[in-house]
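Some notes on the structure that comes next.
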Amino acid sequence: MVYDILVLGAGHAGVEASFVASKLNKKVALVTYSKKDISQLHCNVSIGGPAKGIVVRELDVFNALMPIGTDETQVQTKILNASKGPAVQVLRAQIDKINYPKWMQKHLLASKVNLIEAIVVSLIIEENTVKGVVLKNGDKIYAEVVIITAGTFLSSKTMKGKIITKEGPNGLFTIETISEQIKNYGVKTMRLKTGTPPRILTSSIDFSNLKPEGGSDKPVFFTRNRKIQKTFENNPAFLTYTNDKTHQIINKNITSSYLFSDEITGVGPRYCPSIEDKVKRFSSKNRHQLFLEIESSEMDTTYISGLSSSLPQEIQEEIVHTIPGLEKAIIKKYAYAIEYDSIDPRQLKQTLELKKINNLFMAGQVNGTSGYEEAAGQGLIAGVNAVRKINNQSPFIIDRNEGYLGVMIDDITTKGILDPYRLLTSRAEYRLLLRNDNAEQRLYKKAFEFDLISSEEFLQYEEKFNCYEQFKEFLKTTKISLNNQNFQRLIKDLDINKGLTLGRYDLFTLIKRPEFNLQNLFDYQIFELPLDFKSFNEQDFETISIEIKFEGYLKKQQREVKKYYSMQKLLIDEELDYSIVPNLAIEAVEKFTKFKPTTLHQASSISGINPSDIMMLWTYLRNKEK
């Protein structure tokens with residue numbers, strides 16, 4: 001069997017990589033043990049959250065599967081940080097653990113992707129170039145490009161107390177041979193770990209004294225250009241807490257946890273620690289919050305978010321029964337930790353192709369990241385770049401100022417990781433430009449340039465955002481008197497007692513004030529919406545209001561972006577001999593030679609590089625360019 005592209009693993013990265021490559025007219029095969037593995041939710045039952053939710057919005061612009069699959073299977077969606085600034089507001093959806101994989105399986109199997117149910121035992125590599133794979137039954141599959149999206153299944157083992165089992169998540173098989181094979185080609189791997197909490201019988205929970213945590217009171221979705229078939233839901237999660245008794249049990253038995261044994265070699269996630277980690281690291285806190293989320297309408301289990309653990313089963317029983325609402329809870333599936341191989345992502349190009357093995361791409365948790373959203377984003381990036389490499393086309397790179405996808409890829413390939421990488425808004429220096437509400441504006445031109453949206457979609461976006469600018473001009477020329485009765489009613493309802501003097505205000509200036517936005521001015525009929533803008537909805541009003549209110553800050557960040565681009569334009573030949581760069585420090589020569597940066601910005605992000613080194617390199621590149 002011969003394919004253009006072969007994808008190994010049907011998790012969130014593998015699904016997006018294979019789907020986008022097939023849409024770009026390549027012959028694609030996806031290899032997985034069983035079609036039931038497609039898009040399984042091995043850990044939590046949510047998609048989105050800080051920064052991650054914006055990644056899902058970005059994926060929507062590129063017509064990926066995750067955004068619409070999330071909207072079609074959500075049971076609760078909410079806007080996080082709604083009371084804070086627009087740079088950190090994001091969506092988070094709780095999804096159905098059974099229906100989400102079903103939806104993804106249905107749409108992937110209906111595509112042109114050829115699914116092969118098998119186990120891969122090794123890669124076929126000739127002269128540092130991957131040529132295909134060997135299956136467990138001895139069959140060989142050949143492809144021009146191979147994409148490994150193995151998640152946490154490379155040389156993995158699970159831990160429940162001192163019980164250690166060689167297996168992947170949920171007792172599935174693990175693959176040990178591929179890690180060893182790529183190590184022989186000089187690829188550095190590292191051990192990471194993560195974990196998952198207990199699942200308990202929903203019927204055994206006492207909800208009477210638990211605080212319900214609902215979602216948005218109005219429909220909100222990740223997708224904005226597709227009609228969602230499913231009715232918006234708002235099923236509550238429930239909030240509870242650990243307590244002193246819980247912590248006493250954990251401290252008494254902490255040496256029983258694999259995470260605190262001498263055998264552990266993997267590094268755990270900094271931003272999603274186990275309950276043992278939390279109790280030990282934050283000993284001054286007398287409680288930690290837990291969220292109870294029902295896993296599926298077709299299941300009788302509830303997920304305890306925040307109680308990840310590797311303690312023995314009998315200790316888990318004691319811990320759970322100290323928690324309010326769970327005193328009589330029955331554990332149906334015990335928590336466990338998992339340790340696995342990932343690669344050092346600094347060995348990847350920004351296309352996600354390995355530097356040391358040609359035509360071999362890596363995407364997802366195998367690159368040292370955590371989370372479904374980060375994996376899906378990498379899958380899309382790897383899939384598009386695999387296609388473009390075959391076509392001898394320029395690479396698909398998203399810059400840091402264009403999207404959180406660009407922030408993530410730049411971070412992991414340049415700075416590397418010490419623990420499983422999680423996207424956060426604090427990682428983005430241009431986060432006011434990378435908002436939840438403006439993903440289409442940032443990325444629709446790039447999506448069209450790389451054939452990820454149609455001409456019709458492109459023109460719809462173009463027309464919409466041209467209307468935004470025309471509408472701003474309308475606001476600048478439309479004035480309202482303070483004596484206007486509707487305006488007086490709005491001022492009274494908003495309880496504004498000062499700051500407004502008699503006179504006429506143009507609407508653009510008025511919206512710059514924190515109390516006002518386009519939606520409330522429109523709701524109170526302060527102005528009549530011209531016919532040309534009748535198609536605007538609440539989301540359009542929100543984006544335009546943000547652009548007006550934060551106009552000064554946005555212009556400042558755009559000036560910073562220009563400086564960033566001046567560094568990005570200075571491209572570096574991967575084969576550059578840094579020893580010939582005048583006055584470059586020996587340490588800088590060694591690091592540049594090792595990491596092979598492709599732009600001056602990437603070179604400046606490498607840990608341990610001094611500004612003087614960048615100045616020397618900049619001078620050399622400019623002189624060479626002239």
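Ion pairing between Glu298 and Lys102 holds under the 4.0 Å rule for side-chain N and carboxylate O. Using a cut-off of 4.0 Å between Lys/Arg side-chain N and Asp/Glu carboxylate O, Lys23 and Glu16 are scored as not salt-bridged. By the 4.0 Å N-to-carboxylate-O rule, Glu295 lies close enough to Lys97 to be salt-bridged with it. Residues Asp300 and Lys332 are paired through a salt bridge, judged by an N-O separation under 4.0 Å between the basic side chain and the carboxylate. Under a 4.0 Å N-O distance rule, the pair Lys35/Glu117 does not qualify as a salt bridge.
To the nearest 0.5 Å, the span separating CZ on Phe448 from OG on Ser455 amounts to 4.0 Å. Atoms OG1 and CG, from Thr189 and Leu154 in turn, are 9.0 Å apart once rounded to the nearest 0.5 Å. A distance of 12.5 Å separates CG in Leu405 from CG in Asp410, rounded to the nearest 0.5 Å. Between the CG atom of Asn367 and the CD1 atom of Ile343 there is a distance of 4.5 Å, given to the nearest 0.5 Å. To the nearest 0.5 angstrom, Glu373 atom CD is 12.0 Å from Ile54 atom CD1. Within the model, atoms CD1 of Ile304 and CD1 of Ile331 stand 6.5 Å from one another, a figure rounded to the nearest 0.5 Å.
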**Request:** Quick one: do Thr302 and Thr202 satisfy side chain to side chain donor-acceptor pair (under 3.5 Å)? Show the steps, please.
**Result:** CA-CA 5 Å; Thr302 290; Thr202 304; 2.8 Å; yes
**Request:** For side-chain contact (heavy atoms from CB on, under 4.5 Å), just list the numbers for Ile205 and Phe238, CA-CA rounded to whole Å, side-chain angles, deciding distance to a tenth of an Å, and then say yes or no.
**Result:** CA-CA 11 Å; Ile205 302 172; Phe238 292 87; over 6 Å; no
**Asked** Which is it for Tyr336 and Ser309 under the side-chain contact (heavy atoms from CB on, under 4.5 Å) test, yes or no, and what are the steps along the way?
**Response** CA-CA 6 Å; Tyr336 63 89; Ser309 175; over 6 Å; no
**Asked** How far apart are the C-alpha atoms of Leu239 and Leu290, what are their side-chain angles, what is the distance that settles it, and do they pass the side-chain contact (heavy atoms from CB on, under 4.5 Å) test?
**Response** CA-CA 6 Å; Leu239 179 63; Leu290 307 171; over 6 Å; no
**Audit row: Asn359, Lys389, side chain to side chain donor-acceptor pair (under 3.5 Å) steps and yes/no** = CA-CA 8 Å; Asn359 294 353; Lys389 176 147 194 192; 3.1 Å; yes
**Request:** Go through Asn391 and Lys26 one step at a time and tell me if the side chain to side chain donor-acceptor pair (under 3.5 Å) criterion holds.
**Result:** CA-CA 10 Å; Asn391 294 344; Lys26 292 302 174 192; 2.7 Å; yes
**Message:** The test is side-chain contact (heavy atoms from CB on, under 4.5 Å); show your working for Ser156 and Lys166 and say whether it passes.
**Reply:** CA-CA 6 Å; Ser156 52; Lys166 284 189 176 183; over 6 Å; no
**Prompt:** Could you walk me through whether Glu293 and Arg92 pass the salt bridge (Lys or Arg N to Asp or Glu O under 4.0 Å) check?
**Reply:** CA-CA 13 Å; Glu293 298 178 323; Arg92 178 190 185 271; 2.9 Å; yes
Review item, side-chain donor-acceptor pairs of residues 140-151, under 3.5 Å, at least two apart:
{"residue": "Thr149", "atom": "OG1", "partner": "Leu8", "partner atom": "O", "Å": "2.9"}
{"residue": "Thr149", "atom": "OG1", "partner": "Gly9", "partner atom": "O", "Å": "2.9"}

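Asp96 places a side-chain N or O within 3.5 Å of a backbone atom of Ser297 that can act as its donor or acceptor partner. No side-chain donor-acceptor contact under 3.5 Å links Gln94 to the backbone of Gln74. Between the side chain of Asp139 and the main chain of Leu135, no donor-acceptor pair closer than 3.5 Å is present. Here the side chain of Thr174 pairs a donor or acceptor atom with the backbone of Phe153 at under 3.5 angstrom. Gln316 contributes no side-chain N or O that, together with a main-chain N or O of Tyr334, makes up a donor-acceptor pair within less than 3.5 Å. Between the side chain of Asp399 and the backbone N or O of Glu402 there is no donor-acceptor pair closer than 3.5 Å. In terms of modelled atom types and a separation under 3.5 Å, the side chain of Asn44 and the main chain of Ser46 share a donor-acceptor contact. In this structure, Glu72 contributes its side chain and Ile228 its backbone to no donor-acceptor pair below 3.5 Å. Under a 3.5 Å cut-off, the side chain of Glu374 and the backbone N or O of Met408 do not form any donor-acceptor pair. Using modelled atom types, no side-chain atom of Asn234 and backbone atom of Gln76 make a donor-acceptor pair closer than 3.5 Å.
Between Phe222 and Thr70, some side-chain heavy-atom pair lies under the 4.5 Å cut-off. In this structure the side chain of Ile338 reaches within 4.5 angstrom of the side chain of Pro169, judged on heavy atoms. Proximity of Leu360 to Asn358: side-chain heavy atoms (C-beta onward) are nowhere separated by under 4.5 Å. Arg442 is listed as a side-chain neighbour of Glu58, based on a closest heavy-atom distance under 4.5 Å. When side chains are defined from C-beta on, Leu30 does not count as touching Asn114, because their heavy atoms never get closer than 4.5 Å. Inter-residue side-chain proximity for Asn170 and Thr196 is flagged as unmet; no heavy-atom pair is nearer than 4.5 Å. Taking the side chain as every heavy atom from C-beta outward, Phe361 and Thr351 approach each other to under 4.5 Å. Between Leu354 and Met362 there is a side-chain heavy-atom pair separated by less than 4.5 Å.
In this model, no donor atom of one side chain and acceptor atom of the other lie less than 3.5 Å apart for Ser370 and Gln365.
In terms of heavy-atom proximity, Arg224 sits nearest to Asp437 at NH1-O, 3.3 Å. Nearest heavy atom pair, residue Leu65 against residue Met104, reads CB-CE, 3.6 Å. Nearest heavy atoms, Ile68 versus Arg226: CD1-CD, 3.4 Å.
Applying the side chain to side chain contact (heavy atoms under 4.5 Å, CB included) test between Leu307 and each of Leu326, Ile275, Leu292 identifies Ile275 as the sole match. Here the rule is side chain to side chain contact (heavy atoms under 4.5 Å, CB included) with Thr369, and of Ile417, Ile412, Asp411 only Ile412 fits it.
Separation of the Tyr444 and Phe62 ring centroids does not fall under the 6.0 Å cut-off. Ring pair Phe291/Tyr303: centre-to-centre distance not below 6.0 Å.
Cation-pi geometry between Arg427 and Tyr421 is satisfied (NZ or CZ under 6.0 Å from the ring centre, within 45° of the ring normal).
Ring-plane geometry between Phe221 and Phe232 is classed as perpendicular, the angle between the planes exceeding 60 degrees on a 0 to 90 degree scale with a lower cut at 30.
Screening residues 175-187 for side-chain hydrogen bond (donor to acceptor under 3.5 Å, both in side chains) gives Ser179-Asp341, Glu180-Lys183 as the qualifying pairs, with residues at least two apart or on separate chains.
With a 6.0 Å radius and a threshold of 12 heavy atoms from other residues, nucleotides or ligands, Lys355 has its NZ atom above the threshold. The 12-atom threshold is exceeded at NZ of Lys230, counting heavy atoms of other residues, nucleotides or ligands nearer than 6.0 Å.
By the side-chain hydrogen bond (donor to acceptor under 3.5 Å, both in side chains) test, Thr158 is found to be paired with Glu167, residues two or more places apart in sequence or in another chain being considered.
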